[in-house]
Undergrad: 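This is the structure, below, for whatever I ask next.
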Amino acid sequence: MSLSLFLVQVFNGLQYGLILFLIASGLTLIFGIMGIINLAHGAFYMLGAYVAFGIAQSSGSLVLAVLGAVATMAALGFVIERVLIGRLYNRNHLDQVLITFGLILVFDEAQRIIWGSDVHSVAIPPALSSSFQVSDIMAFSYYRIFVTVVCAVLAVTMALVIQKTKLGMWIRAGASNREMVSSLGVDINMLFALVFAAGAALTGFAGAISVPLTSVSPGMGDAIIIISFVVVVIGGVGSIKGAFFGALLIGLADTFGRVLLPQFSSFLVYAIMAGVLLWRPQGLFARA
Amino acid sequence: MTAAPEVLVAGKGLHTYYGYSHVLHGVDFSVRAGETVCLMGRNGMGKTTLLRTLLGHVRARRGTVHVRGEDMTQARTSRIIRKGIAYVPEGRGIFANLTVREHLVMAARPGFDGRNEWTIERVLASFPRLSERLTSQGTNLSGGEQQMLAIGRALLTNPDLLILDEATEGLAPLIRQQIWFVVHDIKETGIATIIVDKNVDVLLDLSDRATIMVKGEIVYDGDCDTLRHSPDILNTHVGI
């Protein structure tokens, strides 16, 4: 493998990993803090992509499309938490899995009704459509660089909010003792609804910003939810840091797997998960 | 004649259930601004349930809760708390995954009337022990340190009423003394308190008014002196 090919793959792996992180971070937060297993998280990714596709189709602006998708998913996440998920905190995981699985069916069907079963794509905006030439045959797409930078900025922002702000402390405290957080005058129900909405918005953003890189297709959420759970399990449930390193590990492994061991690539990420779990059954960064 | 201080919290005719078990049987209980009230009684008599009902953690099936004159019977806990109440629960409610400093930072806010008397510096001055442990995780603290942190965190909300459930339970005598010392200081600053504890003598010395609960009912509500000279009441209902 030449150096330039290696570099391009590292870069692609990081970019994929960062997208995975945006999705997995919401999943791990919602599970770690609120104790909710949200199978519909992948459907949020799919919906984010479709909403962005829809807006891009009619307006021609990808920026508008991404913003619209984020706003839509935040609002949808908020409503779903208030109407459905908020009733599940004291229920067992089976009830949660059933209702969030039901949501997948509803969203998949809604998607088919609104946008049909065809595969769609959206062009990269002209300003970012060229590439940075690494060698004669290798190039970094500017759009991929842009996506990577935006995702990295979001990841850092999220870490700062969780670690350094009062809001982040409330969220973390809510994971260990909800009732005490409300005893300090924090509206914990509203706080959890906002966390859920933020998770849905981040995932919707990941879906929307990926639209020019991948195609928009039915079932795209189902594939991403499985890989996102792999990331969460590898990183340690509830750990944002774990989701970050887990996502990068899986992003790189998957990218290199496709290049070096194409016949094993779909199996590789699960082999890594099995290896990590044998070594650390709680995941890499499990909370004590 | 001066008007009596404002009633901060008042429960009237409270009936609270846990599932089928009827815990509170028509409790009337209130606290005025600046008043120190102790709540005594054996285990399982409903003291904690009364406090949790007043704070909206459990709903009374019958009866009303008023906070500063406003009907809060159905209000969310956070709304009740934001009317100037701070709660140190039994077991202390320390967050396992937050440091001592984070406990204090997350709780700090101005009081109901905008007062900002209690700052992190002042809390650390009252509990010097905490300033040595600022970066420790909550669960790595001793029981005494946890209770100091729980009280310090409560004070940082600049409350007008501090509710202390099992203020010194499970603490070493020396630590207990420190806690009582601080509670006394808090009383001096004019903050009203509801205190639940097993140390009857300390409670009677500290409080302006004493209440005793038996099987979900208030059986005594009056001054501390009368109670001090009625060992029969104490013997029957509190057990010393």
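Lettering of chains follows the sequences in order, A, B, ..., and the numbering in each one begins at 1.
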Undergrad: Could you walk me through whether B:Asp160 and B:Arg68 pass the salt bridge (charged side-chain N to carboxylate O under 4.0 Å, His left out) check?
TA: CA-CA 11 Å; B:Asp160 296 308; B:Arg68 293 182 191 273; 2.3 Å; yes
Undergrad: Identify the two heavy atoms, one from B:Leu98 and one from A:Met169, that lie closest to each other, and give their separation to 0.1 Å.
TA: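 What the structure gives for the nearest pair is CD2-O, 3.8 Å.
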Undergrad: What part of B:Arg101 gets closer than 4.5 Å to chain A, counting heavy atoms only: side chain, backbone, both or neither?
TA: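 No part of it gets close to chain A.
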Undergrad: Specify which of B:Ala108, B:Pro159, B:Ala154 makes the most heavy-atom pairs with chain A at under 4.5 Å.
TA: B:Ala108
Undergrad: B:Asp165 and side chain to side chain contact (heavy atoms under 4.5 Å, CB included): which partner among B:Leu39, B:Val196, B:Ile195?
TA: B:Val196
Undergrad: Given the options A:Asn189, A:Leu167, A:Val186, which has more heavy-atom pairs under 4.5 Å with chain B than any of the others?
TA: A:Val186
Undergrad: Please determine, among A:Glu179, A:Met190, A:Lys166, the option with the most heavy-atom pairs under 4.5 Å with chain B.
TA: A:Glu179
Undergrad: For B:His57 and A:Ser183, does a side-chain donor sit closer than 3.5 Å to a side-chain acceptor?
TA: yes
